[in-house]
Amino acid sequence: MELQLEGLSKTYGTVQALRKVTYTFKPGIYGILGANGAGKSTMINLITDNVSRDSGSDGGRILYDGEDILKLGKKFRAIVGYMPQQQGFYESFSARMFLVYMAELKGLRKKEAKKQIENLLEIVHLSHVADKKIGGFSGGMKQRVLLAQALLGDPKLLILDEPTAGLDPKERVNLRNYIHQLSQNKIILLATHVVSDVESIADRILIMKAGELVADDTPEHLVRAVDGNNLEDVYMNYFGDKGEK
């Protein structure tokens, strides 16, 4: 199982948001670090086909097990679980109703969907409020609903864009631990500017700056390369600040 980016590029007007990014992802957790505007979300939006690449060969290719994802179409989307940085909710929906709705969109069978939804509500600690309206949820609770919908269908490729936004420190730790438990036989891309989100769980760290991939290694090797004490020192080396803890 491989996800390959080949010369991936994206330009918005006169701004090149992504510059010829080439990389191969295999099963494991990849922490994608970068300040706002570094290209993290653009890369994710290209992988999920939410935005189009630059036209022709200038835009590069995205391959899943050697096949272009644009040709795979629904087959590729069926193996992707995506937790966006922001998503609008039908705030009159309950958490359970929202997950049922998303399961239908993903084409899950009702019996299997019901079983998965109850299990996921338990995992993200929302069973006790599953029938309450999302409009009354805190930001952290909404993030947990988004994580649950990303996990519907047991995706092989799980993409998380700033997944801990709005979570308190305890919830962040719980979420990181669960992501780590999921990592076997999955490709997990976790894009963030919160260094602690990836320091303890990522198999590899990718650092993006100005639309380019500027570093790729294990957390330990990156720390040693800058003669630092932790991954925050690596982040400072590239961006001049520590990001968020």
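We use all heavy atoms of the structure for the numbers below, so side chains are in, but hydrogens, waters and symmetry mates are not.
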Using a strict 4.0 Å threshold on nitrogen-to-oxygen distance, state whether K110 and E104 make a salt bridge. no
Any donor-acceptor pair under 3.5 Å from E112 side chain to G153 backbone: no
Salt bridge present between K142 and E91 (N-O < 4.0 angstrom): yes
State yes or no: do Y23 and I69 share one hydrophobic cluster built from I, L, V, M, F, W and Y residues joined by side-chain heavy-atom distances below 4.5 Å, directly or via other members? yes
Could you go through the side-chain contact (heavy atoms from CB on, under 4.5 Å) check for K20 and L8 one step at a time? CA-CA 5 Å; K20 299 294 182 182; L8 198 60; over 6 Å; no
I207 and Y235, any side-chain heavy atoms less than 4.5 Å apart: no
Heavy-atom side-chain proximity of L151 to Y178 below 4.5 angstrom: yes
Determine whether more than 12 heavy atoms belonging to other residues, nucleotides or ligands lie under 6.0 Å from atom NZ of K133. no
Sub-4.5 Å side-chain heavy-atom contact between R172 and V194: yes
Do V129 and V124 belong together in a cluster built from hydrophobic side chains that touch within less than 4.5 Å? yes
Separation between CE (M1) and NZ (K186), nearest 0.5 Å, reads 8.0 Å
Any ion pair linking D216 and R204 (charged N to carboxylate O, less than 4.0 Å)? yes
Counting neighbours of NZ on K114 that are heavy atoms of other residues, nucleotides or ligands and sit closer than 6.0 Å, is the number greater than 12? no
Where is the tightest heavy-atom contact between A191 and I44, given as atom of each residue plus distance? CB-CD1, 3.4 Å
Rounded distance (nearest 0.5 Å) linking atom CZ of R77 with atom NZ of K106: 12.5 Å
Specify the closest pair of heavy atoms between G81 and P155, including all atoms of both residues, with the distance to one decimal. N-CB, 3.3 Å
For K156, does the NZ atom sit with more than 12 other heavy atoms under 6.0 Å from it, leaving out its own atoms? no
Test R96 against L99 for side-chain contact (heavy atoms from CB on, under 4.5 Å), laying out the working first. CA-CA 5 Å; R96 181 178 281 111; L99 293 176; 5.9 Å; no
Nearest heavy atoms of A95 and V145, plus distance in Å: CB-CG2, 4.2 Å
Closest non-hydrogen atom pair, L190 against V198: CD2-CG1, 3.8 Å
Which value, rounded to the nearest 0.5 Å, describes the distance between L63 atom CG and D68 atom CG? 6.0 Å
Got a second to check how far I32's CD1 is from E162's CD, nearest 0.5 Å? 10.5 Å
Do you know the tightest heavy-atom contact between P219 and I205? CG-CG1, 3.7 Å
Is there a donor-acceptor pair under 3.5 Å between the side chain of K209 and the backbone N or O of F239? no
L175, I29: one ILVMFWY side-chain cluster at the under-4.5 Å cut-off? yes
Looking at D54 and T11, would you say the former's side chain and the latter's main chain have a donor-acceptor pair under 3.5 Å? yes
Polar side-chain atom of N230 near backbone of D233 as donor-acceptor pair, under 3.5 Å: yes
Taking everything shown except D131 itself, do over 12 heavy atoms lie less than 6.0 Å from its CG? yes
Could you tell me whether a side-chain N or O of E118 sits under 3.5 Å from a main-chain N or O of K115, the two making a donor and an acceptor? no
Check whether any side-chain heavy atom of L206 sits under 4.5 Å from a side-chain heavy atom of L33, and report yes or no. no
Is there a side-chain contact between M83 and Q143, using heavy atoms and a 4.5 Å cut-off? yes
Salt-bridged, R53 to D58, with N to O below 4.0 Å? no
Ring centroid separation F98 to Y90 under 6.0 Å: no
To the closest 0.5 Å, what do you measure between CD (E6) and CZ (R61)? 4.5 Å
Cluster check L3, I179: I/L/V/M/F/W/Y, side chain < 4.5 angstrom: no
Are L213 and V234 grouped together when hydrophobic residues (ILVMFWY) are joined by side-chain heavy atoms under 4.5 angstrom apart? no
State, yes or no, whether a side-chain contact exists between R176 and S196 at a heavy-atom distance under 4.5 Å. yes
Taking S41's backbone N and O only, do any of them form a donor-acceptor pair with N45's side chain (distance below 3.5 Å, no angle check)? yes
Which atom names give the shortest non-hydrogen contact between K40 and G34, and what distance separates them? NZ-O, 2.8 Å
Donor-acceptor contact below 3.5 Å, side chain E2 vs main chain K26: no
Can you measure from CD1 (I187) to OH (Y30) and round to the nearest 0.5 angstrom? 6.5 Å
Quick one: is the NZ or CZ of K10 closer than 6.0 Å to the six-membered ring centre of Y12, and within 45° of its axis? yes
So do the side chains of S127 and L121 get within less than 4.5 Å of each other, counting heavy atoms only? yes
Check whether any side-chain heavy atom of T22 lies under 4.5 Å from a side-chain heavy atom of L5, and answer yes or no. no
Check step by step if side-chain contact (heavy atoms from CB on, under 4.5 Å) holds for L160 and L189. CA-CA 6 Å; L160 311 175; L189 311 186; over 6 Å; no
Heavy-atom neighbours of E122 CD exceed 12 at 6.0 Å: no
Would you please test L108 and Q116 for side-chain contact (heavy atoms from CB on, under 4.5 Å) and show each step? CA-CA 10 Å; L108 299 182; Q116 285 191 31; 4.0 Å; yes
